[in-house]
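The next block holds one structure in the form of structure tokens; read it before the comments.
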Amino acid sequence: MTIHYGMAQWQHPAWVNWLYPASLAPGERIGRYSQVFSTVEVGSTFYTKVDDAQLLRWYESVNENFKFSFKAPQTVTHRLLERPWRDVQQNWVAFMLSLQSLQNKLGPTMLQFPAICDERALDTILALCDMWTLPTPLSVEVRNLAYFDKKQTEPRFLAGLSDRHVNRVVMDSRPVFSTEAYCESLVDAQKKKPRVPCHPVVTARHPVVRFIGHPDLPRNDVWLDQWAIKLSQWLSQGLTPSVFVHSSDNIAAPTLAAKLDEKVRLLTPNYQSALTLPQSQEQVSLW
């Protein structure tokens with residue numbers, strides 16, 4: 001029984017003297033991060049081509065059980081509708097080739113499509129899934145409301161993913177939209193995060209959850225309780241979820257992940273957590 005917990009980044013100024021000591025060089029923080037979490041979203045591959053040597057350095061910096069979830073380039077996903085299909089295919093193939101040497105430490109690679117990609121993009125999205133050649137999991141996140149209609153597009157979408165053994169990314173942004181944006185981080189989160197229904201449907205063996213927490217930590221408990229139940233069910237079905245925990249400013253994201261995992265542990269017989277946060281700055285300094 002395994003849940004891979006991770007963040008949307010492996011370093012944050014607020015995590016210094018907590019997840020890693022201030023004396024640790026920034027380039028070495030990913031290794032320390034991997035001693036606490038077992039996966040991470042890598043958004044840099046979405047924005048630009050990351051040098052193969054850099055990918056290899058990241059790979060060699062983490063432990064053997066760590067899993068990277070790289071985001072596909074925006075030239076494949078966010079510019080899908082404006083570029084020639086042949087060019088999109090070439091970029092997708094090149095990206096897959098760049099990941100080949102990292103296979104032993106790959107979690108679900110993410111195809112993340114913007115809201116502009118409506119139901120007319122479904123066949124193209126599935127065609128990209130058909131091109132996936134690596135033996136590691138693939139996941140798809142959609143943000144257009146047509147994919148949440150439960151009547152026409154969503155059943156076709158889910159069936160297409162299931163037939164291809166591709167995981168749906170379940171976005172849960174309910175917490176950050178549960179109140180008015182009364183602080184800068186909430187204003188920013190509500191501008192940037194998609195406000196889509198949370199449909200925790202499994203289409204393959206490695207479901208992916210992206211949880212966007214509220215900065216008022218106790219407010220998250222109602223949703224964390226729901227996710228603990230769902231994750232416990234998935235574990236009982238032999239699934240291996242990846243849970244990426246965000247918060248509006250990401251400062252408290254590790255704390256939310258630990259709270260969720262504790263709730264899962266209380267619900268799930270024989271589940272042994274692999275997530276233990278440092279308890280204090282003093283303990284961190286002894287690492």
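Predicted model, so just to flag it, every value in this text is computed and none were measured.
- Between Arg156 and Asp123 there is a salt bridge, since at least one side-chain N of the basic residue sits less than 4.0 Å from a carboxylate O of the acidic one.
- In this structure, Pro241 and Leu235 have side chains that are in contact, with non-hydrogen atoms separated by less than 4.5 Å.
- Taken together through direct or relayed side-chain contacts under 4.5 Å among Ile, Leu, Val, Met, Phe, Trp and Tyr, Trp234 and Tyr5 form part of one hydrophobic cluster.
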Start with the C-alpha gap between Glu141 and Leu111, add the side-chain angles, then the distance that decides, and say whether side chain to side chain contact (heavy atoms under 4.5 Å, CB included) holds.
CA-CA 6 Å; Glu141 180 183 331; Leu111 282 163; over 6 Å; no

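- Linking ILVMFWY side-chain heavy atoms closer than 4.5 Å, directly or via other members, places Leu224 and Leu277 in a single hydrophobic cluster.
- Between Pro114 and Arg143 the shortest heavy-atom distance is C-CB, 4.2 Å.
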After noting the C-alpha distance and the side-chain angles of Arg265 and Glu262, does the key distance pass the salt bridge (Lys or Arg N to Asp or Glu O under 4.0 Å) rule?
CA-CA 5 Å; Arg265 187 189 65 79; Glu262 175 61 15; 2.6 Å; yes

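- Heavy atoms of other residues, nucleotides or ligands lying less than 6.0 angstrom from CD of Glu184 number 12 at most.
- Thr179 places a side-chain heavy atom less than 4.5 Å from the side chain of Arg219.
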Test Arg164 against Asp130 for salt bridge (Lys or Arg N to Asp or Glu O under 4.0 Å), laying out the working first.
CA-CA 7 Å; Arg164 293 162 175 79; Asp130 287 332; 2.7 Å; yes

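- Between Trp223 and Ser178 the shortest side-chain heavy-atom distance falls below 4.5 Å.
- Looking at Leu145 and Pro197, their side chains come closer than 4.5 Å, going by heavy atoms from C-beta outward.
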Would Val36 and Thr276 count as a side chain to side chain contact (heavy atoms under 4.5 Å, CB included) here? Give the steps.
CA-CA 6 Å; Val36 179; Thr276 303; over 6 Å; no

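- Of the possible polar contacts, one joining the Tyr147 side chain to the Asp118 backbone as a donor-acceptor pair under 3.5 Å is found.
- Residues Asn104 and Tyr59 meet the side-chain proximity criterion, which asks for heavy atoms closer than 4.5 Å.
- Arg205 and Gln237 form no side-chain donor-acceptor contact under 3.5 Å, judged by distance and modelled atom types alone.
- Checked for salt-bridge contact, Asp225 and Lys263 meet the test: a charged N lies under 4.0 Å from a carboxylate O.
- Donor-acceptor pairing under 3.5 Å is recorded for the side chains of Glu41 and His246.
- When hydrophobic clusters are built by joining Ile, Leu, Val, Met, Phe, Trp and Tyr residues whose side-chain heavy atoms come closer than 4.5 Å, directly or via intermediates, Phe211 is grouped together with Met171.
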For Thr268 and Ser236, what are the C-alpha separation, side-chain angles and deciding distance, and is it a side chain to side chain contact (heavy atoms under 4.5 Å, CB included)?
CA-CA 8 Å; Thr268 312; Ser236 70; over 6 Å; no

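- Ion pairing between a basic and an acidic side chain is recognised when a charged N comes within 4.0 Å of a carboxylate O; Asp188 and Lys192 show such pairing.
- With a 6.0 Å radius and a threshold of 12 heavy atoms from other residues, nucleotides or ligands, Leu217 has its CG atom above the threshold.
- In summary, of the residues considered (Leu126, Val202, Val201), a side chain to side chain contact (heavy atoms under 4.5 Å, CB included) with Leu161 occurs for Leu126 alone.
- Judged by distance alone, the side chain of Ser232 and the main-chain N or O of Ile229 form no donor-acceptor pair under 3.5 Å.
- A 4.5 Å side-chain heavy-atom check between Leu260 and Trp227 finds at least one atom pair inside the cut-off.
- Nearest approach of Ser61 to Arg57, heavy atoms of both residues: OG-O, 2.7 Å.
- Thr203 and Ser162 share no side-chain donor-acceptor pair at under 3.5 Å.
- For Trp132 and Trp92, the gap between ring centers is short of 6.0 Å.
- Looking at heavy atoms from C-beta onward, Asp261 lies in side-chain contact with Tyr271 at the 4.5 angstrom threshold.
- Using cut-offs of 30° and 60° on the angle between ring planes, the pair Tyr182 and His214 is tilted.
- There is a path of hydrophobic side-chain contacts, each under 4.5 Å, that joins Val245 to Val209.
- If you chain together hydrophobic residues whose side chains sit under 4.5 Å apart, Ile30 and Leu99 fall into the same group.
- Within the structure, every pair that satisfies the salt bridge (charged side-chain N to carboxylate O under 4.0 Å, His left out) test and touches residues 95-106, not counting sequence neighbours, is listed here: Glu64-Lys105.
- The ring of His4 has its center no closer than 6.0 angstrom to the ring center of Phe37.
- Nearest heavy atoms, Arg168 versus Phe148: NH2-CE2, 3.0 Å.
- In this structure, Gln152 places its CD atom where only 12 or fewer heavy-atom neighbours from other residues, nucleotides or ligands lie under 6.0 Å away.
- Side chains of Leu19 and Arg32 form no contact here, defined as non-hydrogen atoms less than 4.5 Å apart.
- The number of heavy-atom neighbours closer than 6.0 Å to CG of Asn270, taken from other residues, nucleotides and ligands shown, is 12 or below.
- In Glu82, the CD atom is crowded: over 12 heavy atoms of neighbouring residues, nucleotides or ligands sit closer than 6.0 Å.
- In this structure, Arg120 forms no cation-pi arrangement with Phe113, as its terminal cationic atom is not both closer than 6.0 Å to the ring centre and no more than 45° off the ring axis.
- At distances below 3.5 Å, not a single donor-acceptor pair connects side-chain atoms of Asn167 with backbone N or O atoms of Ser139.
- Taking both residues in full, the closest heavy atoms of Gln11 and Gln9 are given as O-NE2, 2.9 Å, listed atom of the first, atom of the second, then distance.
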Residue pair Trp58, Ser44: steps toward the side chain to side chain contact (heavy atoms under 4.5 Å, CB included) verdict
CA-CA 12 Å; Trp58 290 343; Ser44 53; 3.5 Å; yes

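- Summarising the geometry of His12 relative to Asn250, their closest heavy-atom pair is CD2-CB, 4.1 Å, with the distance given to 0.1 Å.
- Nearest approach of Phe244 to Ser69, heavy atoms of both residues: CZ-OG, 3.4 Å.
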